[in-house]
Amino acid sequence: MPGQPLRTKEKITWCPSCPDHMILESTKRALHSLIGQGYKHENFAMVCDIGCHGKIFDYLNISGIYGLHGRSIPTAEGVIIGNPNLSVIAFAGDGATYSEGVGHFVHACRFNPNITLIVNDNQAFSLTTGQATPTSQLGFQTKSEPFGEFNQPLNPLHLALSAGATFVARCNAHDLDHTQKVIEEAIKHQGFAFIEIIQDCLIFNVEKNARDDQMYKLPEKERSLKESLELSQEYDYSKREGRIPLGVFYKTHRKTFDEEWPQLIELKKKKIGWKGAKR
Ligand SMILES: Cc1ncc(C[n+]2csc(CCOP(=O)(O)OP(=O)(O)O)c2C)c(N)n1
Ligand SMILES: [Mg+2]
């Protein structure tokens, strides 16, 4: 794998112009930059979920496991327990993470495993043709919600902060440079790093598309948990008007679970896995 390109030769089958293309590009650029800073290509590992976003497994040339729907977090936790010297990235959708996998999400925030979670949030179960997910807007009319979604959307950033996440960020898929920068920072973070990426679904939730004008970048600075919780409520995932903050909302240090378990500390010391593995 060293010296090989980060893109496989697989033909991309996402819809033309789907922001999933942009998230792939930002991720590749982030990994490329980290490799330039001394990270090894063979020490990156990914876990992908089931959904449109999950096809990144075929296009990104790093080792990994294609997991079950809603289960990329526990699978990624398994990978980091097996080899705590890897940089593990879990990719998932909003439906997968905040619906089927929400228990894993909450406990990952508590356990603080040293993994990065990237959620492509298009506010729809898109692969299965657009049912409402927990972040879909009120009134979203679909084949399975013919009278419109009447449940309040979940605020994933607020949930992550309340559950103890040590790195919480939001990006806009359209902004490749900013997304790349945040992905790099998340991978460098020791602990559970959660990035929610807002993306349009051009086919199944058109009403929520084209929100770039609402978005603004937060100043880069340390924030208290209280301040971050307040900021996370500025956007409620439902309203058409109002501002949507982007950037790293909160970052703190707490022991990761591989720093708490003696067995994992030993594996880390022995640099198990690849000879001379270095993070
Ligand atoms: C446990 C389980 N529940 C439901 C499904 C069916 N399913 C497969 S993909 C998918 C939609 C995925 O939506 P999301 O996670 O938001 O990803 P997107 O397609 O929007 O990128 C669903 C409901 C499944 N495969 N397994
Ligand atoms: Mg989705």
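The model shown is predicted, which means the values in this text are computed figures rather than measured ones. In this chain, numbering begins with 1 at the start of the sequence shown. First listed ligand is number 1; within each ligand, the first listed atom is number 1.
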Nearest heavy atom to atom 22 (C) of ligand 1: which of Thr135, Asp20, Thr133, Thr128 does it belong to? Thr128

Give me the atom names and distance for the closest heavy-atom approach of Leu154 to Tyr237. O-CD1, 4.2 Å

What are the atoms of ligand 1, with element, lying closer than 4.0 Å to any heavy atom of Leu127? 9 (S), 19 (O)

What residue and heavy atom of the protein are closest to atom 15 (O) of ligand 1, and at what distance? Ala96 N, 2.9 Å

Check whether any N, O or S atom of Asn122 sits under 2.8 Å from the Mg ion (ligand 2). yes

Heavy atoms of Arg71 and Asp49 approach each other most closely as N-OD2, 3.4 Å

Proximal candidate to atom 18 (P) of ligand 1 [heavy atom criterion; set Cys52, Gly93, Cys18]: Cys52

Salt bridge check: are Lys217 and Asp175 linked by an N-O gap of less than 4.0 Å? yes

Per-atom contacts, ligand 1 versus Ile50 - under 4.0 Å to a heavy atom: 8 (C), 9 (S), 12 (C)

Side chain or backbone, does Asp94 bring an N or O within less than 3.5 Å of an N or O on ligand 1? yes

Should we say atom NE2 of His21 is surrounded by more than 12 heavy atoms from elsewhere, each under 6.0 Å from it? yes

Going by the angle between their ring planes, with limits at 30° and 60°, are Phe257 and Phe111 parallel, tilted or perpendicular? tilted

Could you find the nearest protein heavy atom to atom 14 (P) of ligand 1 and give me its residue, atom name and distance? Gly95 N, 3.7 Å

Asp58 bridged to Lys11 by N-O distance under 4.0 Å: no

Return yes when atom NZ of Lys55 has more than 12 non-hydrogen atoms of other residues, nucleotides or ligands closer than 6.0 Å, and no otherwise. yes

Is the NZ or CZ atom of Arg223 positioned over Tyr250's six-membered ring, under 6.0 angstrom from the centre and within 45° of the axis? no

For ligand 1, which atoms have a heavy atom of His53 less than 4.0 angstrom away? 15 (O), 17 (O), 18 (P), 21 (O)

Among the N, O or S atoms that Asp94 has, which is closest to the Mg ion (ligand 2)? OD1

Of the backbone atoms (N, CA, C, O) and the side-chain heavy atoms from C-beta on, which set of Ala124 has a member under 4.0 Å from an atom of ligand 1: side chain, backbone, both, or neither? backbone

Got an N, O or S from Ala124 under 2.8 Å of the Mg ion (ligand 2)? yes

May I ask you to identify the nearest protein heavy atom to atom 25 (N) of ligand 1, giving residue, atom name and distance to one decimal place in Å? His69 CB, 3.8 Å

Please check if the number of heavy atoms outside Ile265 that lie under 6.0 Å from its CD1 is greater than 12. yes

Report yes if some N/O of Phe125 lies less than 3.5 Å from some N/O of ligand 1; otherwise report no. no

